[in-house]
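Written out below as structure tokens is the structure these notes cover.
Model, not experiment: these values are computed from the prediction. Computed from heavy atoms alone, side chains included, the values below leave out hydrogens, waters and symmetry copies.
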Amino acid sequence: KGLIAERRMQKAVLREKEALKRTTSAFTVHLYATYSQEDKLYFLMEAAMGGDLATVYARYGYEGSEPHCRFYVACVLQAM
């Protein structure tokens, strides 16, 4: 929680939680529950064996790549 507050990401985390709660597509990871402790926040989610998108983009250097962005957006729209 401290890192989230330090980076001023509270609204982004709440938006992600709400988006995951509302999504019922077979193409997206399911959020089962959230848990909070005094200094930690947990999202209990379906396993994503390839990791989250931000990790994959960082690992392969896809940040700023328009073709990868277009593909990702198309996948999200298809999932909706």
More than 12 heavy atoms of other residues, nucleotides or ligands under 6.0 Å from [atom1] of [X]: yes or no?
X	atom1	value
Glu63	CD	yes
Tyr60	OH	no
Glu66	CD	no
Phe43	CZ	yes

Worksheet, complete the sentence: Closest heavy-atom pair, Leu31 versus Met45, reported as atoms and distance to 0.1 Å, is CD1-CG, 3.8 Å
Fill in: Nearest-0.5 Å distance that lies between atom NE2 in His30 and atom OG in Ser25
12.5 Å
Discussion item. With rounding to the nearest 0.5 angstrom, report the CZ to CD distance, Arg15 to Gln10.
Written reply: 11.0 Å
Practice prompt. Name all residues meeting the side-chain hydrogen bond (donor to acceptor under 3.5 Å, both in side chains) criterion together with Thr23; count only those two or more places apart in sequence or in a different chain, and write none if there are none.
Written response: none
Between [X] and [Y], is there shared hydrophobic-cluster membership here, with clusters defined by ILVMFWY side-chain heavy atoms closer than 4.5 Å?
X	Y	value
Val29	Leu44	no
Leu14	Tyr35	no
Tyr32	Leu41	no
Phe71	Val76	no

Worksheet item: So do the side chains of Tyr42 and Thr34 get within less than 4.5 Å of each other, counting heavy atoms only?
Response: no
Item to complete: Using atom types as modelled and distance alone, determine if a side-chain donor or acceptor of Tyr57 lies under 3.5 Å from a backbone N or O of His68.
Response: yes
